[in-house]
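As a basis for the values below, the full set of heavy atoms in this structure was taken, side chains included, without hydrogen atoms, waters or symmetry mates. Not measured: the values here are computed from a predicted model. Convention: sequence-line order gives letters A, B, ...; per-chain numbering from 1.
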There are 2 protein chains.
Amino acid sequence: MSNLGIGQLAKRAGVAIDTVRYYERNDLLSPAGRLASGYRRYGEAELKRLRFIRRAKALGFTLADIRGLLTLSDERSVARIKQAAEVKLADVDRRIEELERIREGLRTLVKACPGHGRAESCPILNALNAEDAP
Amino acid sequence: MSNLGIGQLAKRAGVAIDTVRYYERNDLLSPAGRLASGYRRYGEAELKRLRFIRRAKALGFTLADIRGLLTLSDERSVARIKQAAEVKLADVDRRIEELERIREGLRTLVKACPGHGRAESCPILNALNAEDAP
DNA sequence: CTTGACTCTGGACCACGGTCCAGACTTTAG
DNA sequence: CTAAAGTCTGGACCGTGGTCCAGAGTCAAG
């Protein structure tokens, strides 16, 4: 079941070859075996695992998170998988809130700025130059 | 008007000394002058500028953005300042949307997962292991 | 004058997630 | 058999925004 070279694997999973080797260096994905020449060989399990990594990244997990998820999924510990997802969800919530605060700040400034006139009357510059906090 | 050493400047602006020097290396902030010893001296203008940088960063501008803003504010070109803020606002919008998509994905999975049982019944693992796209 | 606090420089190092390179070797298609 | 395409290794490098270090020199208070 080791029918794929690193190039085919990478192509099927939609990542770069170097990325596959990078994941190997970082203990996320090992080849199923090696040819006598040293060429890596991969099977379906590795392809699934690589796609797992891609999807988890798309969900906002870092590679360190994913390493954890892969370990947990090996251990078949559903409760901890769910917990990890909840932690990440809270993290994503926090990042969204922060960006929303930033967005409101920008919106206020953009709305208040007439887009012409003297610099002293530009609320964006004035806000950035304000004497008081943030 | 060059009454501050780098330590006082950093403290008043709420940044680290190394950060001030880093900004100098990256053409964001120069000292008003130097003592014969080479010690940097800063005045009120530099303190304002450093606080400007801090606030703009809090609004999600990168240092490269801020370099641009500082140039524009020197040029007193209000229209371009407003435009820069609009561009950044669109960028923040885009980042929020992306995170919201991620959040919905996570929410769906967390809701669907009972938190116990066999790994095969964990929708989180199943989604990450799915055969089809993404 | 001494002591402690401050500052100087240049360069190394951190996380993050890769990307790219040279030089050698191997596999595959024709 | 040959040539092209693929792969190997180890290490350097990218951008972002800093942080830390050593070793030397300087400033301010007592």
Side-chain angles (χ1 to χ4, degrees), chain A residues 2-42 46 50-70 88 91-92 95 98-99 102, chain B residues 2-42 46 50-70 88 91-92 95 98-99 102:
Chain A
S2 298
N3 44 347
L4 296 171
I6 192 169
Q8 281 104 60
L9 178 81
K11 197 164 193 180
R12 276 173 186 254
V15 303
I17 287 182
D18 279 339
T19 302
V20 176
R21 286 195 278 246
Y22 173 76
Y23 287 168
E24 183 175 346
R25 274 204 297 290
N26 288 277
D27 303 316
L28 284 160
L29 180 71
S30 301
R34 298 262 188 161
L35 298 183
S37 60
Y39 279 31
R40 294 167 178 81
R41 290 275 103 185
Y42 299 92
E46 286 72 35
L50 186 48
R51 287 182 168 148
F52 182 108
I53 294 168
R54 251 172 53 78
R55 293 200 186 93
K57 245 164 56 64
L59 282 175
F61 290 94
T62 66
L63 295 187
D65 290 337
I66 296 170
R67 205 155 30 232
L69 285 176
L70 287 165
K88 185 52 57 177
D91 180 46
V92 171
R95 280 151 70 196
E98 186 178 343
L99 283 173
I102 288 170
Chain B
S2 299
N3 45 346
L4 295 170
I6 192 170
Q8 280 104 60
L9 177 80
K11 196 164 194 180
R12 275 173 188 256
V15 303
I17 287 181
D18 279 340
T19 302
V20 176
R21 285 193 281 244
Y22 173 76
Y23 288 166
E24 183 174 345
R25 273 203 298 289
N26 288 278
D27 303 316
L28 285 160
L29 180 71
S30 302
R34 298 261 189 163
L35 297 183
S37 60
Y39 278 32
R40 294 166 178 82
R41 289 275 105 185
Y42 299 91
E46 287 73 36
L50 186 47
R51 288 184 168 145
F52 181 110
I53 295 168
R54 251 171 53 78
R55 294 200 185 94
K57 244 166 57 63
L59 282 175
F61 291 95
T62 66
L63 296 187
D65 291 335
I66 296 170
R67 209 160 21 237
L69 285 177
L70 287 164
K88 184 52 56 176
D91 180 48
V92 169
R95 281 152 69 197
E98 185 179 344
L99 283 173
I102 288 170

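Between atom CZ of residue B/Arg95 and atom CD of residue A/Glu98 there is a gap of 9.0 Å, rounded to the nearest 0.5 Å. Atom CD1 in A/Ile6 sits 10.5 Å away from atom CZ in A/Arg41 (nearest 0.5 Å). Once rounded to the nearest 0.5 Å, the distance linking CZ of A/Arg21 with CG of A/Leu29 reads 12.5 Å. Distance check: B/Lys11 NZ to B/Leu4 CG gives 12.5 Å after rounding to the nearest 0.5 Å. Atoms NZ and CD1, from A/Lys57 and B/Ile102 in turn, are 10.0 Å apart once rounded to the nearest 0.5 Å. Interatomic distance, OH of A/Tyr23 versus CZ of A/Arg54, reported as 9.0 Å (0.5 Å rounding).
Rounded to an integer number of Å, the gap from B/Leu29 CG to D/dG17 C1' is 16 Å. Between the CG atom of B/Asp27 and the C1' atom of D/dG17 there is a distance of 15 Å, rounded to whole Å. As a whole-Å value, the separation of B/Leu4 CG from C/dC6 P is 14 Å. Summarising the geometry, the separation between CG on B/Leu9 and C1' on C/dC6 is reported as 15 Å, rounded to the nearest angstrom. Atom-to-atom, NZ of A/Lys11 to P of D/dA5 comes out at 13 Å; the value is rounded to the nearest Å. Atom CG of B/Leu28 is separated from atom C1' of D/dG18 by 12 Å (rounded to the nearest Å). If you take CZ of A/Arg41 and P of D/dC8, they are 9 Å apart, rounded to a whole angstrom. Residue A/Ile17 contributes atom CD1, which lies 14 Å from atom P of D/dA5 at whole-angstrom precision.
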Q: Spell out protein contact along nucleotides 9-22 of chain C as letters: B when the base is contacted, S when just the sugar-phosphate is, - when no protein heavy atom is under 4.0 Å; keep the 5' to 3' order.
A: B-------BBBB--
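The base of C/dC6 sits with one of its N or O atoms less than 3.5 Å from a complementary donor or acceptor on the side chain of B/Tyr39.
Counting heavy atoms of neighbouring residues, nucleotides and ligands inside a 6.0 Å radius, atom CZ of A/Arg12 does not exceed 12 of them.
Side chain of A/Leu35, nearest nucleotide from C/dT27, D/dC27, D/dT7: C/dT27.
In this model, the phosphate group of D/dT7 is not approached by any side-chain N or O of A/Ser37 to a distance below 4.0 Å at OP1 or OP2.
Put simply, the side chain of B/Tyr22 reaches to within 4.5 Å of the side chain of B/Leu63, judged on heavy atoms.
Paired runs in DNA chain C that reach 3 or more consecutive Watson-Crick or G-U pairs, where each pair keeps both distances under 3.5 Å, cover C:1-30 with D:1-30.
Tested against A/Leu28, the residues A/Leu50, A/Val20, A/Ile53 include a single side chain to side chain contact (heavy atoms under 4.5 Å, CB included) partner, A/Ile53.
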